[in-house]
Amino acid sequence: MTYGIIVHGGAGDDYDDRLEEFQSGVAQAARAGWAVLAAGGSALDAVEAAVQVMEACPTFDAGEGSFLNQNGEIEMDAIIMDGSTLKSGSVAAIQRVQHPVHVARLVMEHTPHALIVGSGADAFARRMGIPAFVMSPAKQSEIPPSPSSQPGDTVGAVALDASGHLAVATSTGGTLGKLPGRVGDSPLVGSGAYADDLSGGASATGVGEHLMRIVISKSACDLMGQGQHPQQAAEAIMRRLEERVPGGIGGIILMDPQGRVGAAYNTHHMVHAWISSEQPLQVRG
Ligand code: ASP
């Protein structure tokens with residue numbers, strides 16, 4: 001059977017002069033996820049590995065590269081979801097970790113909870129032995145931005161492993177200049193991500209306040225569950241976003257239980273990459 005991974009580096013309009021940087025970041029992430037799958041690893045391990053590569057890359061609005069909020073601080077949101085059990089783990093407004101996606105996984109695997117926020121999430125990370133991460137001096141000296149409803153360069157990954165299990169992860173620093181405490185779609189089950197072995201996996205990006213109104217990731221998975229090809233489902237869900245949320249901005253990557261992929265967005269770019277047992281690395285967006 002086919003197995004593989006698809007990743008994205010966020011739906012945005014301001015990439016033009018840095019397109020190669022974004023493309024190389026998503027290619028590296030897809031390769032890291034693929035290495036896990038090719039060695040017989042799980043879809044969960046693959047999406048976590050891929051997202052961690054992008055969280056460590058300052059190009060993206062996640063982990064180290066997270067946009068600052070109005071106080072000049074970073075507050076990150078992340079989710080990971082297992083399509084075989086429908087279990088998920090999320091963190092929101094977490095501040096002092098390098099890899100929010102890893103803390104999300106610990107929430108899923110070591111607590112009875114699905115979402116831990118703010119100082120509670122940071123305290124949980126410390127309890128799990130994760131060292132406090134401090135912003136680089138360059139990041140600390142950035143001027144706090146004014147509020148913007150433009151999406152960032154959120155990252156995400158969907159993978160199908162050789163055992164036929166799907167998993168998804170999404171990680172973000174949120175929108176530029178957001179209010180402290182603001183949480184977007186990314187850590188919300190069904191909005192920023194969804195995975196179900198029976199229908200498919202989805203990771204979304206865009207303006208969270210728009211995407212959550214149509215529960216975009218779960219809605220796209222339902223379309224695949226009804227038999228739509230992931231590309232058809234991705235395009236249909238973007239049409240729904242535009243019809244139901246006037247001015248709605250976003251993008252989505254999808255993979256179905258057969259390992260077929262789809263991607264659609266209504267921004268200038270949504271850099272994405274995929275690799276499967278059938279196809280070598282492809283980079284688009
Ligand atoms: N969806 C993210 C949020 O609203 C931003 C993004 O995708 O870039 O927090």
Side-chain angles (χ1 to χ4, degrees), residues 1-11 22-55 57 60 62 79-86 88 101 105 154-171 192-205 217-218 220-225 227-235 237 251-265 270-285:
M1 68 167 278
T2 304
Y3 56 98
I5 183 161
I6 180 165
V7 309
H8 72 79
F22 276 87
Q23 289 178 336
S24 118
V26 293
Q28 225 183 309
R31 282 198 201 96
W34 173 248
V36 173
L37 296 173
S42 69
L44 268 178
D45 286 340
V47 292
E48 184 181 343
V51 166
Q52 283 208 15
V53 165
M54 295 184 282
E55 285 177 338
C57 173
F60 300 103
I79 184 171
I80 192 162
M81 183 164 183
D82 180 348
S84 61
T85 59
L86 302 184
S88 66
V101 71
R105 182 150 183 193
T154 291
V155 304
V158 189
L160 175 70
D161 61 32
S163 314
H165 297 308
L166 281 156
V168 61
T170 303
S171 183
Y194 198 74
D196 182 343
D197 282 1
L198 302 182
S199 58
S203 170
T205 169
S217 290
K218 172 69 163 71
C221 288
D222 287 346
L223 295 178
M224 290 188 285
Q228 290 197 20
H229 185 285
Q231 186 54 37
Q232 210 186 344
E235 288 167 17
I237 210 65
I252 196 159
I253 54 168
L254 302 177
M255 183 175 275
D256 72 4
Q258 288 83 52
R260 300 178 301 180
V261 297
Y265 51 99
M270 182 187 71
V271 172
H272 53 290
W274 67 98
I275 311 183
S276 78
S277 47
E278 308 273 298
Q279 224 180 8
L281 177 71
Q282 310 286 314
V283 182
R284 300 272 192 285

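Taking the side chain as every heavy atom from C-beta outward, D82 and R105 never approach each other to under 4.5 Å. Side-chain contact between V51 and S171: present, with at least one pair of heavy atoms (C-beta onward) separated by less than 4.5 Å. The shortest side-chain heavy-atom distance between Y194 and L86 falls under the 4.5 Å cut-off. Between T2 and L160, every side-chain heavy-atom pair lies at or beyond the 4.5 Å cut-off. Taking 4.5 Å as the limit, some side-chain heavy atom of W34 sits within range of a side-chain heavy atom of Y3. Side chains of V26 and H272 form no contact here, defined as non-hydrogen atoms less than 4.5 Å apart. Contact of the H229 side chain with the D256 side chain is not registered, since no non-hydrogen atoms from C-beta on lie closer than 4.5 Å.
Side chain of S163 to backbone of H165: no donor-acceptor contact under 3.5 angstrom is found. No donor-acceptor pair closer than 3.5 Å links the side chain of E235 to the backbone N or O of A233. Put simply, the side chain of Q231 gets close to the backbone of A263: a donor and an acceptor are under 3.5 Å apart. Under the 3.5 Å distance criterion, the side-chain polar atoms of D161 are left unmatched by any main-chain donor or acceptor of S42. Judged by distance alone, the side chain of Q28 and the main-chain N or O of V53 form no donor-acceptor pair under 3.5 Å.
A side-chain donor-acceptor contact under 3.5 Å links H8 and S203.
Atom-to-atom distance recorded for M1:CE and Q258:CD is 8.5 Å, nearest 0.5 angstrom.
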